[in-house]
Protein chains: 2
Amino acid sequence: MRIVKVMSAMGASSSSPLRERKKRATRSALKRSAVGLVAARGLAAVTVEEIASGADVSSRTFFNYFPTKEDAVIGWDPTVLAEMIDGLRLRPGDEPGPAALRAMLLAVFSAFDADHRDLLERLRVIRSDPHLVAHHVLRWGETERQLVGALAERRGTDPATDHYASLVVATTLAASRTAMMSWCDKEGRVPLADELASHLDVLGTGLAEPQERLL
Amino acid sequence: MRIVKVMSAMGASSSSPLRERKKRATRSALKRSAVGLVAARGLAAVTVEEIASGADVSSRTFFNYFPTKEDAVIGWDPTVLAEMIDGLRLRPGDEPGPAALRAMLLAVFSAFDADHRDLLERLRVIRSDPHLVAHHVLRWGETERQLVGALAERRGTDPATDHYASLVVATTLAASRTAMMSWCDKEGRVPLADELASHLDVLGTGLAEPQERLL
DNA sequence: CAGATAAGTGCAGTCACTGCAAAGATGCGT
DNA sequence: ACGCATCTTTGCAGTGACTGCACTTATCTG
C-alpha cells in the first residue's frame, strides 16, 4: 500500500493504458490542431481557444498539456528529453561521449520517423515564423543543458567547468538541428536518422566539406 | 518643403537635437530601469508598468520605445541594425565578404564599448534567464537575415540560394555572440572589439584550437 | 506667434496564462 | 458490483502583456 502511494506520488506515469492512451490522443490532437491552424493562418492569427476547440477540449485543458501556445506548435514534449537522458545513461560507460550521444540521438530520431508527415509539416511551420524558430531554439537549449549534465556525469566531471562536454553537446545538437532542417528541405525523401548520421559524419571529420552534399 | 516632408517621412530621424536627445534619454532610461529591476528580481517578477515608472514615463509610452518587455532588457535597437547594413554597404566592393563583415562588426562593437558597464550588466542579466537568451537569439536572427541580404547584394547573388553568404553570416554572428559572452566572463577587462577580433581569428583558421585561449 | 509635427498619455479591449475549486472519468481493492 | 482514491477536465476570476484610438502637450519651423 505504502509502495503504491509512493509510486504514484513519484508521478511515474505508469498509469493504466486507457488513461495513457487518452492523454496521448489529446496531446496529439492538440499538436495537430495547432500545426494545422498555424500553417493556414500564421501564429499570431490563431488563438489558444481555437486550437483547443479544434481538439475538442477547453482552452483551460490546453494549458494542462502545453505551457505556451508555441509549444503546441513545435510539439515540445518533456518525455522526449527524459528518453534522451535515459538513453545516454544506458550507453556503455567506456564509450566516448560523442559516440554515446550519436547512438542515443540516432535512436531517438529513428523513433521520430514514425510521425514522418507530421514532423515534416511542423518543421515547415516552425521555419516560417521567427517566433517559432526562437522558441524551438529555446527548448533545444534546455535539452542542451540537461545533456551536458548527463554527459558530465558519465565523465565524472563538473558540468559547469567541463567545457569539452559543453562543446560536444552544443555542436552535436547544432548538427541535429541542421539535419532536421536539411531533411525538411529534402521533403523527407531520406530517413531522418540517415540525414542526422551524415551531418554527424561531417561534424566528426572536423567539418570537412563532403562531396556535393548538404546545403 | 516637399523635400523636408520626404525626409521626415523616410524616418531619417535627423530631427532637431532637443527632441533627439530627449528620445535617447528616455530610451536609455527605460533600458537602465529594465536591466536594473530584472537583475534584482528576475524577468517574471517585473512588470512593464514598474519599468516605465522607473523611467518616469507611462506604461503606454514604454511600448512606443520597445515592442516587448524583453527588448528593453536586451537593449534591442533597430538603428544598430541599420548601421550594420550601411556599414557593410560602405566597404569597398572588391573586399571579400568575410573581411567586409569583420571590419563592419569591429567598428560597431567598438562603438558598443562606450556603454561598457551597461552592456556588461545587460549581458549578465540576459544569460541568467532562458527567456531572455531566446529573445536575444531571436533578434540576432533578424540581424542575420538582413545581413545575408546585404551580403548577397554585394555579391550580386540571390540571398535565398547563396548558401555561402548564409554560412559566412551565420558563423560570423555566432562568433560575435560567443565573443560577447566570453568578454562578459572576463568582466570587460579586454576591449570588446579585441575579444571579437580573436574569436574571428579562430574562426578564420577553420576553428583551430588556439594557445590556452577562450573557454 | 501660428501652424505642422511628433511625443506622451489615458482608455478600452484582446488574449496568453495561472490558481483554485468543483465536477466528471477512471482505476483498484474488496 | 460498489466505493474510494486518483487523475483529468473544466469554469471562473484575475493578472499582465500588448494594441488601436483619440486627445493633450511639447518641440520645431517659418
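Every heavy atom of this structure was used, including side-chain atoms; hydrogens, water molecules and symmetry mates were not. Throughout, protein chains are lettered first and strands after them, A, B, ... in sequence-line order, and every chain is numbered starting at 1.
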Chemist: Quick one: list whatever passes side chain to side chain contact (heavy atoms under 4.5 Å, CB included) with B/Asp71, sequence neighbours left out.
Modeler: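 Expected list: B/Phe66, B/Pro67, B/Thr68, B/Ile74, B/Trp76, B/His135, B/Arg139.
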
Chemist: Between B/Thr68 and B/Lys22, name the one whose nearest nucleotide on DNA chain D is closer to the 5' end.
Modeler: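 Mapping each residue to its closest nucleotide by heavy atoms, the 5'-most match is B/Thr68.
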
Chemist: Under the 3.5 Å rule, do the base of D/dT27 and the side chain of B/Arg21 count as making a donor-acceptor pair?
Modeler: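 Result: no qualifying N/O pair found.
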
Chemist: Which residues in residues 32-44 of chain A have a heavy atom closer than 4.0 Å to any atom of DNA chain C?
Modeler: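 Result for residues 32-44 of chain A: none.
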
Chemist: Holding to salt bridge (charged side-chain N to carboxylate O under 4.0 Å, His left out), I want the full list of residues that pass it with A/Arg91, two or more places apart in sequence or in another chain.
Modeler: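 Listed in chain order: A/Glu95.
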
Chemist: Any salt bridge (Lys or Arg N to Asp or Glu O under 4.0 Å) involving residues 106-130 of chain B? Give me the pairs, sequence neighbours left out, ordered by first then second residue.
Modeler: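 Sorted pair list: B/Arg127-B/Asp185.
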
Chemist: Rounded to the nearest Å, what distance is computed from the CZ atom of residue B/Phe66 to the P atom of nucleotide D/dA17?
Modeler: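 Rounded to the whole Å, the gap is 15 Å.
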
Chemist: Look at the side chain of A/Ser110 and the backbone N and O of A/Ala193, then say whether any donor-acceptor pair between them is shorter than 3.5 Å.
Modeler: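 A pair under 3.5 Å: no.
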
Chemist: Determine which pairs satisfy salt bridge (Lys or Arg N to Asp or Glu O under 4.0 Å) with at least one residue from residues 36-63 of chain A, sequence neighbours left out, and list them in order.
Modeler: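 Non-adjacent pairs meeting salt bridge (Lys or Arg N to Asp or Glu O under 4.0 Å): A/Arg41-A/Glu50.
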
Chemist: Please give, in whole Å, the distance from C/dA25 C1' to A/Arg19 CZ?
Modeler: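 Whole-Å distance recorded here is 7 Å.
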
Chemist: Whole angstroms only, please: what is the CG-P distance between A/Asn64 and C/dG24?
Modeler: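 Distance check: A/Asn64 CG to C/dG24 P gives 17 Å.
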
Chemist: Give a yes or no on whether the ring-centroid distance for A/His199 and A/Trp183 is below 6.0 angstrom.
Modeler: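 When the ring centroids of A/His199 and A/Trp183 are compared, they turn out to be at least 6.0 Å apart.
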
Chemist: Listed by chain and number, what are the side-chain hydrogen bond (donor to acceptor under 3.5 Å, both in side chains) partners of A/Ser59, not counting sequence neighbours?
Modeler: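 Partners of A/Ser59 by the side-chain hydrogen bond (donor to acceptor under 3.5 Å, both in side chains) criterion come out as none, since no residue qualifies.
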
Chemist: Looking only at heavy atoms, what is the nearest atom pair of B/Met104 and B/Leu88, with distance?
Modeler: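 In terms of heavy atoms, the two residues are closest at CG-N, 3.8 Å.
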
Chemist: Return the value, rounded to whole Å, for the distance between atom CZ of B/Phe63 and atom C1' of C/dG13.
Modeler: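 Atom CZ in B/Phe63 sits about 14 Å away from atom C1' in C/dG13.
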
Chemist: With sequence neighbours excluded, what pairs up with B/Arg24 under the side chain to side chain contact (heavy atoms under 4.5 Å, CB included) test?
Modeler: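 Here the qualifying residues are B/Glu20.
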
Chemist: Given C/dG8, D/dC18, C/dA25, identify the nucleotide with an atom nearest to the side chain of B/Glu70.
Modeler: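 Minimum distance to the B/Glu70 side chain belongs to D/dC18.
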
Chemist: Who are the salt bridge (charged side-chain N to carboxylate O under 4.0 Å, His left out) partners of B/Arg155, not counting sequence neighbours?
Modeler: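 For B/Arg155, the residues satisfying salt bridge (charged side-chain N to carboxylate O under 4.0 Å, His left out) (neighbours in sequence not counted) are B/Asp162.
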
Chemist: Return the value, rounded to whole Å, for the distance between atom NZ of A/Lys23 and atom C1' of C/dA25.
Modeler: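 Rounding to the nearest Å, NZ of A/Lys23 and C1' of C/dA25 are 14 Å apart.
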
Chemist: Produce the list of close N/O pairs, under 3.5 Å, pairing protein atoms with atoms of nucleotides 12-16 of chain D; give distances to one decimal.
Modeler:
none

Chemist: Between A/Phe62 (CZ) and C/dA16 (P), how many Å, whole number?
Modeler: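 So the CZ-P distance, A/Phe62 to C/dA16, works out to 9 Å.
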
Chemist: Of the options D/dT10, C/dA7, C/dT9, whose atoms approach the side-chain atoms of A/Thr61 most closely?
Modeler: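 Side chain of A/Thr61 sits closest to D/dT10.
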
Chemist: Applying side-chain hydrogen bond (donor to acceptor under 3.5 Å, both in side chains), name anything that partners B/Thr61, two or more places apart in sequence or on another chain.
Modeler: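 For B/Thr61 the side-chain hydrogen bond (donor to acceptor under 3.5 Å, both in side chains) partners, ignoring immediate neighbours, are B/Ser58.
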
Chemist: Report the residues that fulfil salt bridge (charged side-chain N to carboxylate O under 4.0 Å, His left out) with B/Arg102, sequence neighbours left out, ordered by chain and then residue number.
Modeler: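 In terms of salt bridge (charged side-chain N to carboxylate O under 4.0 Å, His left out), with neighbours along the sequence ignored, B/Arg102 is linked to B/Asp201.
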
Chemist: Quickly work out the B/Tyr65 OH to D/dA17 C1' distance and round it to whole Å.
Modeler: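 After rounding, the reported distance stands at 20 Å.
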
Chemist: Quickly work out the A/Asp71 CG to C/dT18 P distance and round it to whole Å.
Modeler: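 Distance check: A/Asp71 CG to C/dT18 P gives 11 Å.
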
Chemist: To the nearest 10°, give me the bend of the helix from C/dC1-D/dG30 to C/dT30-D/dA1, comparing the axes of its five terminal pairs at either end.
Modeler: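 One end axis against the other gives 20°.
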
